[in-house]
Every structure is written in structure tokens, then in C-alpha cells.
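Following: one structure in C-alpha cells, then a few remarks.
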Amino acid sequence: MFALGDKITGRTARIAIIGLGYVGLPLATAFAKAGFSTVGLDVDRHKVESITAGRSYIPDVPDDDVAPHVETGRLVATSDYDVLGEVDAIFICVPTPYDAQRAPDLSYIRSASKGIQPRLRPGQLIVLQSTTYPGTTEEVVQPILEESGLKAGKDFYLAFSPERIDPGNRQWSAYNTPKVVGGLTPECTKLATDLLRQMGAPVHPVSSPRAAELTKLLENTFRAVNIALVNELALLTERMGIDIWEVVEAAKTKPFGFMPFYPGAGVGGHCIPVDPYYLSWKAREYDYYTEFIELAGEVNQAMPHHVVDLVVQALSLHGKSLRGACVLVLGVSFKPNIDDARNSPAERVIELLLDRGAIVTYHDPYVPHFRVGGDVFHRELVILESVPLTEAALADADCAVIVTAHHDLDYEQVVEHAGLVVDTRNVTGGMPDGRAKIVRLGAPLPPFTPESEGQS
Ligand SMILES: NC(=O)c1ccc[n+]([C@@H]2O[C@H](COP(=O)([O-])OP(=O)(O)OC[C@H]3O[C@@H](n4cnc5c(N)ncnc54)[C@H](O)[C@@H]3O)[C@@H](O)[C@H]2O)c1
């Protein structure tokens with residue numbers, strides 16, 4: 001039972017990562033970079049082929065972090081679960097979406113655990129990293145693994161360590177973002193802590209897997225609730241004739257007790273719109289209703305409707321209606337400068353625009369194709385293709401809607417050539433006043449003037 005500790009400090013432990021996505025691939029390359037022999041296991045053949053060829057498919061992971069380790073054999077990728085019998089530590093980084101009723105879908109975690117179970121060896125360490133509700137490690141993963149006849153905490157080690165990766169963030173990565181770890185026993189916590197420390201970032205141990213699971217949900221619920229607060233205030237400031245962006249900038253000057261959050265078309269990605277519901281679902285088992293989560297969800301999910309209302313108001317300034325109007329959506333990934341469009345609020349904005357008779361195109365340099373509908377909510381599937389951002393495309397649109405503000409787009413050009421602009425991210429906030437054609441979320445509407453009608 002002491003052999004694993006020695007292998008960790010000597011960096012001779014062999015590591016497996018199940019799920020080579022946005023979370024698993026950076027983790028795999030970080031272990032390989034730290035000198036560990038690492039195998040990535042994914043059911044997606046294309047990902048395995050890409051890694052085997054030394055190519056990354058995640059923008060935050062350069063090929064240079066993959067190819068040299070593949071060449072030395074320190075990093076390999078496979079779809080064969082049998083490799084798990086040969087490794088010392090296994091990280092599970094598979095998806096945790098929700099279903100049509102917003103209930104947790106743990107099918108990927110179950111499937112990965114069932115893949116480990118027949119190959120489990122005494123002395124192995126299993127670390128769940130997928131974001132999930134408190135209790136998953138002990139109530140779902142542990143029983144499946146123990147079907148092997150081995151006991152968690154005695155024959156093998158089991159822990160939960162949430163992933164905090166922030167795609168597109170250049171400052172904080174897998175190498176410097178502190179990790180939180182909670183093991184089933186103190187020994188499980190210690191081994192998982194010692195292993196994660198080898199990657200260079202500080203590690204904060206907690207008393208149990210549940211505490212670690214809830215830590216991640218607290219972090220994401222905190223964001224969901226604060227974004228909802230500022231979204232709600234944005235709706236109010238529009239009516240009050242105050243600019244929310246100016247107010248947040250001013251509040252930000254307080255050096256303590258305030259953290260800025262910004263309004264927008266809603267929340268997206270794999271985490272903020274999903275994780276809080278994992279907690280509210282589990283809370284019901286304890287006769288408890290997490291009202292902040294529900295309220296935040298209600299406010300954030302209403303934002304795409306509000307953005308469409310702003311488009312209607314903008315068009316009416318120019319005497320136009322949404323039905324038959326050409327609307328160009330700018331930015332459809334869920335946050336700037338990344339290619340991840342999962343759960344992006346742009347999808348709902350586009351659906352609502354289409355439902356109300358608009359002709360919708362979009363431009364996103366990071367997302368060449370964008371799926372709208374065809375999801376768990378059974379809407380008809382439409383696949384749109386990104387159009388080039390040309391003067392003609394802007395001039396042809398009755399209204400351009402900035403949903404996600406990629407940093408490298410020329411917003412001066414957008415304002416110059418589009419007939420109308422609805423800006424949900426305040427990228428036009430610093431542009432000269434008197435631009436009657438810009439409608440900013442959370443800011444006073446431009447006054448109606450005969451001249452504005454004349455611009456249409
Ligand atoms: N993306 C993020 O920014 C982020 C941040 C923090 C935490 N998380 C959490 O991390 C987990 C993974 O998220 P992600 O964004 O990396 O997902 P992803 O969809 O990018 O990657 C998951 C990978 O797992 C693979 N997979 C699915 N089932 C498998 C199985 N049974 N065996 C082997 N491979 C399998 C998929 O093919 C895919 O490549 C989720 O719980 C998510 O909530 C994500």
C-alpha cells in the first residue's frame with residue numbers, strides 16, 4: 001500500500017485520464033510534462049487519432065504540449081480500457097450534462113466506472129474530476145468499483161478533485177490554479193494531493209469527497225447568482241435611464257467587498273447553466289429547496305428573451321418590425337475567444353429570433369458551424385454556417401446583435417456599416433456619443449428621432 005506514494009514522489013507512477021476533452025486533455029499533457037507516463041482514454045476515435053498524430057484539438061493546448069510527449073512515448077491515447085490494468089492512478093474527466101428535466105445525467109460517469117471495475121487492481125488511485133453533486137463519488141462511483149470485490153479506502157484509493165479550468169484564460173491554467181481534493185480516507189486524500197502537487201499548483205485538501213464536490217458547485221453557483229443579480233439590475237437600469245456598465249465600473253473601484261460581474265445574453269458553457277441544477281436536484285432529497293439557484297436560473301434564462309425584445313425595440317426606432325428583418329448575430333460561443341458553443345445563450349437568442357420571423361445569419365471566427373435546436377428540448381434542428389464579416393454583410397443586416405464579444409472583431413467597423421447594433425457586452429460603450437443606432441443592454445435606449453428613422 002506504500003508503493004504508490006513512492007511512485008508519485010519519484011514520478012514513476014503511470015497515469016490514465018478517461019475523457020480527453022476540455023478538461024482531460026490539459027490534465028493529460030500537464031502530467032506528461034511533469035514527467036509521468038500518461039495514457040489518455042477516450043471513446044471518440046477522432047480524438048485518439050489526433051493525439052496519436054501529435055495534434056491538439058483544444059485551443060488552450062498547443063500542439064507543442066502534445067507532439068513532443070507523444071514522440072517520446074510519454075503520452076499515448078487509446079480507446080482500449082484494458083490499459084487501465086497497467087496504470088497506478090486513474091482520473092475520470094467525462095461529461096456531466098443534465099437531461100430534459102434538468103436532472104443530472106451520470107451515465108458517462110457510470111460508464112467510465114464500469115470500464116474501470118473489471119480492471120481495478122489493489123493499490124490503484126481513482127480520482128473523479130467531473131463536476132457533480134455531493135455524494136456522487138461515494139454513492140455512484142464507489143459501489144460500482146467495489147463490485148470488483150476490492151474495498152475503497154482499504155484495497156484501492158478513491159478521491160474527488162474538481163476541475164477549475166477556465167478555457168481561454170491565459171493567466172490561470174492547470175499549472176497554477178490551486179486544486180481542491182477530498183478523499184474517502186485521509187490516506188486517499190494524501191495520495192491524491194501528493195500526485196496533483198507534482199503538476200506545480202498548490203493543493204487544498206478537504207475532509208471528504210462530498211466537501212470537494214460541493215466546493216465546485218459553490219464556485220459555479222456563486223457565479224450564476226451574481227451574474228443573475230447584475231442581469232436583473234441591467235433590466236432595471238434600462239428603465240431608470242442609468243448605464244449599468246458605468247455603475248459596475250464605479251463599484252469596482254472599491255478595493256474590498258465587491259467583485260464585478262457583467263450582464264449579458266444569459267449564461268452558457270458546460271458549467272454555470274448546468275452545475276447549480278445538480279445541487280438543487282440533490283437538495284430535494286433533503287427536503288430542501290435552493291431558492292437562490294432557481295431564481296438565478298429564472299433571471300438568466302429570461303435574458304435571451306430580453307435581448308430579442310431589444311432587437312424589436314431597436315428595429316422599431318427605425319420603423320421596422322422583426323418579422324422579415326435580417327439579423328446578424330455576432331459571436332455564438334459561450335464566452336469570448338473560445339470555440340466552445342455548448343449551451344451558449346446565442347442558441348436561444350437565434351431560436352427566438354427565428355420563431356418571430358427574422359432571417360438570421362451569424363458570424364463567429366471560432367465557430368464555423370452552429371447547431372440550433374435538435375436538443376433535449378426537441379426543437380427542430382437547424383445548422384447555420386458562419387458568414388464572413390464584410391461591409392456588405394453588415395450593410396445587408398437590418399440589425400447586428402453582439403452576443404459574445406470576441407476580442408479580435410472590429411467593432412468600429414460593425415457600428416460604421418450596420419444599420420442598427422444591439423450590444424449585449426458593452427463593446428460599443430466607449431464609442432462616441434450620438435450614435436443613435438446603438439442599443440446597449442442595461443443602458444438607456446437612444447431617443448427616437450426622425451433622423452434615426454431616416455437612417456433605415
Ligand atoms: N469545459 C470546462 O470548462 C470545464 C471546467 C470545469 C469542469 N468541467 C467538468 O469536467 C467534465 C468534463 O468536461 P469537458 O468540458 O472536458 O467535456 P468534453 O465533452 O470536452 O470531454 C469529455 C470527453 O469524454 C469522452 N467520453 C465520454 N464518455 C466516455 C467514456 N465512457 N469513456 C471514455 N471517454 C469518454 C468524450 O468523448 C469527450 O472527449 C464535466 O463534468 C464538466 O462539467 C468542465
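By convention here, the first residue in the shown sequence is residue 1. In each ligand, atom 1 is the first atom listed, and ligand 1 is the first ligand listed. Not measured: the values here are computed from a predicted model. Heavy-atom basis, side chains included; hydrogens, waters and symmetry copies ignored.
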Should the proximity of [X] to ligand 1, defined as any heavy atom under 4.0 Å, be assigned to the side chain, the backbone, both, or neither?
{"X": "Phe334", "answer": "neither"}
{"X": "Asp340", "answer": "neither"}
{"X": "Ile18", "answer": "side chain"}
{"X": "Cys271", "answer": "side chain"}
{"X": "Ser130", "answer": "both"}

What residue and atom, counting heavy atoms only, is the protein's closest point to [atom], and at what distance?
{"atom": "atom 30 (C) of ligand 1", "answer": "Tyr81 OH, 3.5 Å"}
{"atom": "atom 26 (N) of ligand 1", "answer": "Val43 CG2, 3.8 Å"}
{"atom": "atom 15 (O) of ligand 1", "answer": "Arg342 NH2, 3.0 Å"}
{"atom": "atom 37 (O) of ligand 1", "answer": "Asp42 OD1, 2.6 Å"}
{"atom": "atom 44 (C) of ligand 1", "answer": "Val23 CG2, 3.3 Å"}
{"atom": "atom 41 (O) of ligand 1", "answer": "Thr96 OG1, 2.5 Å"}
{"atom": "atom 11 (C) of ligand 1", "answer": "Val94 O, 3.3 Å"}
{"atom": "atom 21 (O) of ligand 1", "answer": "Gly21 CA, 3.2 Å"}

Close side-chain approach of Val401 to Val308, heavy-atom, < 4.5 Å: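 No, too far: nothing below the 4.5 Å cut-off.
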Side chain to side chain contact (heavy atoms under 4.5 Å, CB included) partner of Leu128, the single match among Thr96, Val140, Leu158, Ile109: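 The residue from Thr96, Val140, Leu158, Ile109 that satisfies side chain to side chain contact (heavy atoms under 4.5 Å, CB included) with Leu128 turns out to be Ile109.
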Among Ile165, Val23, Leu20, whose side chain to side chain contact (heavy atoms under 4.5 Å, CB included) with Cys93 holds?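 Among Ile165, Val23, Leu20, the one that satisfies the side chain to side chain contact (heavy atoms under 4.5 Å, CB included) with Cys93 is Val23.
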Quick check against the 3.5 Å criterion: does Gln124 have a side-chain atom that pairs as donor or acceptor with the backbone of Ala89?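 Pair absent, no side-chain N/O of Gln124 close to backbone of Ala89.
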With His270 via side chain to side chain donor-acceptor pair (under 3.5 Å) - residues at least two apart: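 Testing His270 for side chain to side chain donor-acceptor pair (under 3.5 Å), a comparison that skips the adjacent residues, returns Arg342.
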Going by salt bridge (Lys or Arg N to Asp or Glu O under 4.0 Å), name the pairs with one or both residues in residues 39-58, residues two or more places apart or in two chains.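 Checked against salt bridge (Lys or Arg N to Asp or Glu O under 4.0 Å) - neighbours excluded - the pairs reaching residues 39-58 are Asp44-Lys47, Arg45-Glu49.
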Checking Lys282 against Tyr288: charged group under 6.0 Å from the ring centre and within 45 degrees of the axis?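 Judged by the rule, Lys282 and Tyr288 form no cation-pi pair.
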Quick check, are the ring centers of Phe261 and Phe222 under 6.0 angstrom apart?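 Between Phe222 and Phe261, which both carry aromatic rings, the centre distance is below 6.0 Å.
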Verify whether one side chain among Glu213 and Thr137 offers a donor that lies under 3.5 Å from an acceptor in the other.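 Side-chain D/A pair, Glu213 to Thr137: present.
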Compute the shortest N/O to N/O distance between [X] and ligand 1 and return yes if it is under 3.5 Å, no if not.
{"X": "Asp275", "value": "no"}
{"X": "Thr131", "value": "yes"}
{"X": "Lys47", "value": "yes"}

Could you check Asn426, Thr424, Thr428, Asp423 and say which one makes a side chain to side chain donor-acceptor pair (under 3.5 Å) with Arg440?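 Testing each of Asn426, Thr424, Thr428, Asp423 against Arg440, the sole residue satisfying side chain to side chain donor-acceptor pair (under 3.5 Å) is Asn426.
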